[in-house]
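Please read the structure below before turning to the comments.
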Amino acid sequence: LIQKGPLAVTDHVAINSPFTKRTKEWVKTLRNDNTNVTKYRVEHTKVIMSLGLIGLGSIGGNLALNIQKSHELNVCNRSPEKVKAVVKKSSQVKGYENVEEMVSDMKEPRTIITALPHGETTDAMVKKLGSVMTKGDTIVDCSNEFYRTSRNRGAFCQSKGIGYLG
């Protein structure tokens, strides 16, 4: 959105999102006739959420390596060897041995991606995350699950004020 005047240039739409933080910078720009100076305000948006990933198998491990290129990442897996292997590859990744420790160490708002097998494994993890996450946090469930099961998980998370995408 570009406008002339005191609210001039905005380069991001979701400025009032709880996951973003605004910083403002004034830029002077000359008009075509070079006689008047028009001020433009540019609002830069920076993501301030904390990102976590649970499950470092073939999908989660590669997802972690891609995410860490542009964002700090907290990871957790039931086998510590996989956590150590991913942490060793990047200084942007912080590894944890259990979910509770990872969630408590993350800054709010938190977004946690689960890359786990469908079924009871993911059900148990969503319930565990529901007990340790707070209102305004989000779970992104990457399991290939039956839609009714995903709806039930979403309703459970919604009852706790936690966002769910599955």
**OP:** Report yes or no: do Val83 and Ile113 belong to one cluster of Ile/Leu/Val/Met/Phe/Trp/Tyr joined by side chain heavy-atom distances under 4.5 Å?
**Re:** yes
**OP:** Kindly give the heavy-atom pair with the smallest separation between Asn77 and Lys82, and that separation in Å.
**Re:** ND2-CD, 3.7 Å
**OP:** Drop me the distance from Arg151's CZ to Glu145's CD, to the nearest 0.5 angstrom.
**Re:** 13.5 Å
Original post:
Knowing that exactly one of Asn74, Asp105, Thr138, Thr134 qualifies, which makes a side-chain hydrogen bond (donor to acceptor under 3.5 Å, both in side chains) with Arg110?
Top reply: Thr134
**OP:** Write down the atom of Gly52, the atom of Met106, and the distance for their closest heavy-atom approach.
**Re:** N-CE, 3.4 Å
Subject >> Criterion side chain to side chain contact (heavy atoms under 4.5 Å, CB included) against Gln68, the qualifying member of Val75, Leu63, Val93 >> reply: Val93
Original post:
Counting only heavy atoms not in Glu97, do more than 12 sit closer than 6.0 Å to its CD atom?
Top reply: no
Original post:
Roughly how far, to the nearest 0.5 Å, is NZ of Lys127 from CZ of Arg153?
Top reply: 9.0 Å
Subject >> Joint hydrophobic cluster, Met125 plus Val132, side-chain heavy atoms closer than 4.5 Å >> reply: yes
**OP:** Check the surroundings of atom CG in Asn144: do more than 12 heavy atoms from other residues, nucleotides or ligands lie under 6.0 Å from it?
**Re:** no
Original post:
How many angstroms lie between CD1 in Ile67 and CG in Leu53, if you round to the nearest 0.5 Å?
Top reply: 5.5 Å
**OP:** Give the minimum heavy-atom separation between Val86 and Ala64, together with the two atoms involved.
**Re:** CG1-CB, 4.1 Å
**OP:** Looking only at non-hydrogen atoms, find the nearest pair between Gly60 and Ala115 and report the distance.
**Re:** CA-CB, 3.7 Å
Original post:
Does Gln158 CD have over 12 foreign heavy atoms under 6.0 Å away?
Top reply: no
Original post:
From Met102 CE over to Ile112 CD1, what is the distance, rounded to the nearest 0.5 angstrom?
Top reply: 4.0 Å
Original post:
Distance-only, no hydrogens or angles: does the Asp137 side chain make a donor-acceptor pair with backbone N or O of Met133 under 3.5 Å?
Top reply: no
Subject >> Spacing of CZ belonging to Phe156 relative to CG belonging to Leu129, to within rounding of 0.5 Å >> reply: 9.0 Å
**OP:** Quick one: pull up CG in Leu73 and NE2 in His71 and give me the separation to the nearest 0.5 Å.
**Re:** 8.5 Å
**OP:** Look at the side-chain heavy atoms of Ile, Leu, Val, Met, Phe, Trp and Tyr, link any pair under 4.5 Å apart, and say whether Val103 and Val126 land in one connected group.
**Re:** yes
Original post:
If every non-hydrogen atom of Pro109 is compared with every non-hydrogen atom of Gly136, which pair is closest and at what distance?
Top reply: CB-O, 3.8 Å
Subject >> Heavy-atom check, side chain of Cys157 versus side chain of Ile139, under 4.5 Å >> reply: yes
Original post:
If we only count heavy atoms from C-beta on, is the Glu72 to Leu51 side-chain gap below 4.5 Å?
Top reply: no
**OP:** Could you tell me whether a side-chain N or O of Ser90 sits under 3.5 Å from a main-chain N or O of Gln92, the two making a donor and an acceptor?
**Re:** yes
Subject >> Leu56 with Val99, same ILVMFWY side-chain cluster at under 4.5 Å >> reply: no
**OP:** Report yes if some heavy atom in the side chain of Asp141 is under 4.5 Å from a heavy atom in the side chain of Thr122; otherwise report no.
**Re:** yes
Subject >> Non-hydrogen side-chain atoms of Val87 and Lys94 separated by less than 4.5 Å >> reply: no
